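For reference, the structure discussed in these notes is given below.
Heavy atoms only: backbone and side chains are in, while hydrogens, waters and symmetry mates are out. What you see is a predicted model, and the numbers here were worked out from it, not measured in a lab. Letters A, B, ... are given to chains in the order of the sequence lines, protein chains preceding strands, and every chain is numbered from 1.
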Protein chains: 2
Amino acid sequence: MVRQPSINAQNRPPLTTDRIIESALHIVDGQGLARLTMRRLGDALEVEAMAIYHHLPRGKEQLLDHLVAHVGAMPADAPGGGGWRGGLMAWAHAYRTRLLDHAGVLPLLVTHRNPAALAGTLASLREHLRLGGVPERTAAVAAHSLLGFVIGHVALEVRDTRGDVRAEPGEPPVDWEARFGAALELVLAGVNPG
Amino acid sequence: MVRQPSINAQNRPPLTTDRIIESALHIVDGQGLARLTMRRLGDALEVEAMAIYHHLPRGKEQLLDHLVAHVGAMPADAPGGGGWRGGLMAWAHAYRTRLLDHAGVLPLLVTHRNPAALAGTLASLREHLRLGGVPERTAAVAAHSLLGFVIGHVALEVRDTRGDVRAEPGEPPVDWEARFGAALELVLAGVNPG
DNA sequence: ACCTGAACACCGTTCAAGT
DNA sequence: ACCTGAACACCGTTCAAGT
């Protein structure tokens with residue numbers, strides 16, 4: 001074991017904005033949004049809570065803004081082999097997975113917080129449709145329709161599934177993966193090129 | 001002025017669960033969810049915060065559960081003159097208005113909190129479609145698709161509009177009412193009876 | 001430049017006490 | 001039964017101080 005010269009006395013990595021975001025997301029994913037506090041985040045980073053303010057001067061607000069950007073930004077690629085419809089379906093499935101993996105930040109997504117966070121994602125959806133031959137005006141409507149649908153559908157999923165799995169008397173449990181796919185086809189069916 | 005006999009010494013109406021919910025919703029609508037605290041709610045009701053716990057033993061959690069139920073529950077009527085499609089469009093516009101009026105509770109809607117809150121609304125949508133001749137399986141998918149779409153689309157609206165009206169350089173401001181209507185038609189276009 | 005420690009003004013909630 | 005008042009364990013954040 002060769003000791004590095006001039007290693008930090010406490011032997012810990014320097015505090016960076018990226019490490020703060022990553023650690024915050026880890027807390028939200030594992031314990032829920034309510035348990036994300038500056039003091040707990042400081043503990044996780046082995047630092048006093050107040051040290052965070054040196055990297056995020058606007059404090060917790062700025063931290064939450066970063067979480068929204070981190071989870072909500074996911075541009076769609078230009079339409080490829082599967083055609084624009086197939087490309088959008090793949091994007092929707094991937095975006096759904098992202099939202100489900102970070103369901104704790106979903107409440108932050110339906111707020112005015114960080115208005116620019118979803119702008120890039122929306123713009124890429126419009127461009128994807130435009131390149132697929134969908135006229136400009138329809139593309140704008142379809143982009144809002146698709147992104148809104150995915151967010152709202154995941155909200156319904158989270159609402160129904162998270163928590164203890166209790167057998168309901170009447171109805172069988174919903175296969176959300178299949179349900180989402182079917183609803184997605186229904187939504188995209190209404191979009192016509194030209 | 002005839003004085004009522006046995007009037008309350010403090011001359012205030014008795015504290016009820018309904019008055020608590022109503023007052024809480026008023027705070028959320030006017031000042032935002034973050035400013036809804038048990039102490040402020042007590043002030044608004046001219047009561048000590050701790051008095052609320054006598055009506056809502058589970059405290060703030062139970063209060064928020066009530067807000068979700070109050071805003072999220074809005075069954076669709078059976079299909080009438082305008083046909084099932086027209087009925088669903090009217091319902092969607094009304095539900096959108098409801099959500100926009102109480103945008104502060106939207107973050108609570110995309111949580112596992114009060115899982116039963118939207119069950120009645122969803123069931124009424126399924127029944128509406130079923131009565132309109134849409135087969136059972138398609139109706140279930142379409143109900144999730146429609147409710148998810150409305151919630152998600154309102155989320156995008158809130159995200160874009162709330163806050164200071166700043167003129168963006170490139171794009172003109174979105175007419176959200178029209179955009180929602182167009183996207184709604186697009187979503188419903190995919191639903192076919194029989 | 002980067003982090004700490006104490007302090008301030010808040011929270012939600014409990015618990016014994018009042019009427 | 002219904003409400004109060006004090007208390008407890010937390011919050012986010014400021015600010016002067018350390019290195």
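In secondary-structure terms, DNA chain C builds stems of at least 3 consecutive Watson-Crick or G-U pairs, each pair having both distances under 3.5 Å, at C:4-8 with D:12-16, C:12-16 with D:4-8.
Under the rule for a ring-ring contact (aromatic ring centres under 6.0 Å, His included), the partners of H144(A) that lie at least two apart in sequence or sit in another chain are H153(B), W176(B). Under the rule for a side chain to side chain donor-acceptor pair (under 3.5 Å), E48(A) has no partner lying at least two apart in sequence or in another chain. With sequence neighbours excluded, the residues satisfying side chain to side chain donor-acceptor pair (under 3.5 Å) with E177(A) are R96(A). Partners of R58(A) according to the side chain to side chain donor-acceptor pair (under 3.5 Å) rule, which considers only residues two or more places apart in sequence or in another chain, are D65(A). For A140(A), the side chain to side chain contact (heavy atoms under 4.5 Å, CB included) partners two or more places apart in sequence, or in a different chain, are R126(A), R179(B). Here E127(B) pairs with R130(B) under the side chain to side chain donor-acceptor pair (under 3.5 Å) rule; sequence neighbours left out. Every residue two or more places apart in sequence or in another chain that forms a ring-ring contact (aromatic ring centres under 6.0 Å, His included) with H93(A) is listed here: F180(A).
Atom pair K60(A):NZ and dT13(D):C1' shows a separation of 12 Å (rounding to whole Å applied).
Contact check of residues 30-39 of chain A against DNA chain C (heavy atom, cut-off under 4.0 Å) returns R39(A). Within residues 61-70 of chain A, no residue has any heavy atom under 4.0 Å from DNA chain D. Of the residues in residues 41-54 of chain B, those with a non-hydrogen atom less than 4.0 angstrom from any atom of DNA chain D are V47(B), E48(B), M50(B), A51(B), H54(B).
Applying the ring pair (Phe, Tyr, Trp, His ring centres under 6.0 Å) test to pairs two or more places apart or on separate chains, those with a residue in residues 65-92 of chain A are W91(A)-Y95(A).
The shortest heavy-atom contact between A24(B) and L63(B) is CB-CD1, 3.8 Å.
Residue R40(A) places at least one side-chain N or O under 4.0 Å from the OP1 or OP2 atom of dC11(D). The phosphate of dA1(D) (OP1 or OP2) has no side-chain N or O of H55(B) nearer than 4.0 angstrom.
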